[in-house]
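Inspection log for the structure reproduced underneath, given as structure tokens.
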Amino acid sequence: MVRGSSADNVVPLRGGLPASVAHAAAVDPLGDPRIVVRGSGPLSGRVHVPGAKNSVLKLMAASILCDGATRLGNVPAIADVSIMGELLEAIGVTMTWSGADALQLDNTGRLTPVAPYELVERIRASINVLGPLLTRCGEVRLSMPGGDDFGARPIDMHVSGLEQMGATFRFEHGYVEARADRLHGADISFEFPSVGATENLMTAAVFADGVTTIRNAAREPEIIDLCEFLVSMGARIEGIGTGTLQITGVERWSLRPVEHDTVTDRIQAATYLASCAVAGGELDLVGARGEHMQMLLHRFGDMGLDLEQYDGGVRVAAPDRLRSIDVATLPYPGIATDYKPLIITMLSVADGVGIVTENLYPGRFRYVEELQRLGADVSTSGHHAVVRGVERLSGAPVRAHDIRAGAAMVVAGLAARGETMISGVHHIDRGYDDIVGRLAAVGAHIERH
Ligand code: UD1
């Protein structure tokens, strides 16, 4: 029996979420909204790029490590933040919105190390509570994670790394149970630079006995953000931003709560770049971090986009017609798999033929059928998609199957003649902070019903 797992110990959900986020989190499939996009262009103006989903969720999970009030800024108003907040509330950390983009997480240290199915199945990043709970509570019971619908997403690297640090695991009835009286440092080599496994081992190592080395660690900007957050709390991490992270365990009392601004979302930034690319015009993406998107910006340049990076943003001007390129997804600093639906959408109206190779998730092409409904000429085979550009797409009803595929449908709608009606909008709400308002403000014909 896991300590404190009785229903009596579960802290009830407290209020304080902005209405838009609370609404987006409470998805009623029958009342699911629609986004309607009409062929648009040219776009013009400034778009403020919000904080990164893939960072803030990890920062929130890591707040479990530290008693007191953690304050996060530049937080996107997205449904996944709200779901992670509910999960933390169930564990014993209270979340309150303290501004439009600011959160406070209050941790009294009375934690219930159980992550229930109802919450975990809704969000893949719930796996990130594993490391912090295990190292703080000595045990954890976590439902196997769900999240986006793109093929099997195992957690064997998380498990094997924590085992090397002294944890023992049991898998039963859809739950993972882990125990470790005190984790110890270990020298761990990853076969593949998994983002989630790097984050879990890093947070678990913060209180472990001795030094933990993670080789072939992930190097994404969101990992760096988490490292900087942990270091400002008092953790000892070396090698930040490299493939070898070295974490020296510290005592629990030496951590103190901090204020931290979430890194800007490179995937949302790419979504607005892609929008401008297909609709035409010029945009100024305020807050975009060009240095986190170097490879992508380089390839977008090859497609004909005129890009200018400045301190605090990226400006883009679209060409008359995009040029096709070949692209392969890779771990950072390569082209992220999350950009791929956007790239395929851009290629579907580009001049020429482009081949896109997926190296991370073989099954991640489901949205291609939706693009075909809009008249895109795309064929897939195994890890590859061949995209033959057409002059213009043609609007139709389509479905968002996951967050990024949903964003790609919005971009496709901008490039299509007539009306594109997108269902499955709750997927888009999981990762996009008011995509409709941001695009409408720069001239796109887009509404939410
Ligand atoms: C994170 C991002 C996701 C992004 C992905 C890759 C979040 C919430 N999600 O997901 O948007 O697409 O990084 O950049 O931050 N794998 C294993 N065993 C493991 C762990 C992973 O086989 O123990 C495999 C996965 O199935 C997948 C690949 O490794 O094929 C990438 O996974 P990982 O880097 O861990 O991605 P996530 O952290 O799940």
Side-chain angles (χ1 to χ4, degrees), residues 51-62 76 78-81 83-84 87 120 122-131 142 144-164 169 171 176 178 188-204 214 216-226 243 262-263 265-268 270-271 292-293 295-296 328-343 357-367 383 401-408 427-428 430-432:
K53 168 183 92 72
N54 285 354
S55 186
V56 73
L57 300 177
K58 324 304 176 65
L59 302 175
M60 292 171 73
I78 54 173
D80 272 14
V81 164
I83 299 167
M84 181 58 100
L87 177 59
V120 170
R122 292 164 66 189
I123 175 178
R124 165 82 181 171
S126 49
I127 186 71
N128 277 69
V129 302
L130 176 62
L142 175 86
M144 289 293 282
D148 283 324
D149 175 22
F150 38 85
R153 300 177 80 178
I155 57 164
D156 53 307
M157 289 164 68
H158 304 238
V159 170
S160 137
L162 290 169
E163 279 176 345
Q164 290 173 66
F169 280 84
F171 298 86
V176 185
I188 298 158
S189 291
F190 283 158
E191 227 175 275
F192 173 90
S194 155
V195 171
T198 301
E199 291 161 343
N200 250 331
L201 296 197
M202 216 163 70
T203 46
I214 308 173
N216 199 17
R219 289 181 283 163
E220 272 71 359
E222 296 79 25
I223 300 263
I224 297 176
D225 202 27
L226 178 60
T262 313
V263 69
D265 195 329
R266 60 199 166 104
I267 318 288
Q268 289 195 65
T271 305
H292 294 164
M293 311 168 70
M295 193 72 79
L296 184 77
T329 64
L330 281 172
Y332 192 83
I335 301 280
T337 181
D338 293 25
Y339 295 137
K340 196 188 57 193
L342 300 168
I343 296 173
T357 303
E358 168 64 61
N359 287 312
L360 279 87
Y361 299 105
R364 212 176 184 187
F365 280 118
R366 205 168 153 202
Y367 54 90
H383 292 228
H401 290 294
D402 66 54
I403 305 175
R404 309 303 169 193
H427 287 295
I428 300 175
R430 287 189 47 206
Y432 282 84

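Order of listing sets the numbers, starting from 1, for every ligand and every atom in it.
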Counting both backbone and side chain atoms, is some N or O of [X] under 3.5 Å from an N or O of ligand 1?
X: Leu360; result: yes
X: Gly196; result: yes
X: Arg124; result: yes
X: Met157; result: yes
X: Val195; result: yes

Any atoms of ligand 1 less than 4.0 Å from a non-hydrogen atom of Asp338? List them with their elements.
-> 3 (C), 4 (C), 11 (O), 12 (O)
So the atoms of ligand 1 within less than 4.0 Å of a heavy atom of Lys58 turn out to be 7 (C), 8 (C), 15 (O)
Closest to atom 2 (C) of ligand 1 (heavy atoms only, candidates Asn54, Leu57, Leu330) is Asn54
Output all residues satisfying side chain to side chain donor-acceptor pair (under 3.5 Å) with Asn54, sequence neighbours left out; order by chain, then residue number.
-> none
Is ligand 1 under 4.0 Å from a heavy atom in the side chain of Phe192, in the backbone, in both, or in neither?
-> side chain
Counting only heavy atoms, which portion of Glu222 has something under 4.0 Å from ligand 1: side chain, backbone, both, or neither?
-> neither
Once you round to the nearest 0.5 Å, how far does [atom1] of [X] lie from [atom2] of [Y]?
X: Lys53; Y: Asp338; atom1: NZ; atom2: CG; value: 7.5 Å
X: Leu142; Y: Phe171; atom1: CG; atom2: CZ; value: 10.0 Å
X: Met157; Y: Ser189; atom1: CE; atom2: OG; value: 10.5 Å

Residues that Ala178 engages under side chain to side chain contact (heavy atoms under 4.5 Å, CB included), provided they are two or more places apart | Leu130, Leu134, Val140, Phe169
Heavy atoms only: give me the nearest [X]-[Y] pair and the separation to one decimal.
X: Gly243; Y: Arg219; value: N-CD, 3.6 Å
X: Leu57; Y: Met84; value: O-CE, 3.5 Å
X: Val120; Y: Ser126; value: CG1-OG, 3.3 Å

Close approach, Pro154 and ligand 1, non-hydrogen under 4.0 angstrom | yes
Can a non-hydrogen atom of Thr337 be found less than 4.0 Å from any atom of ligand 1?
-> yes
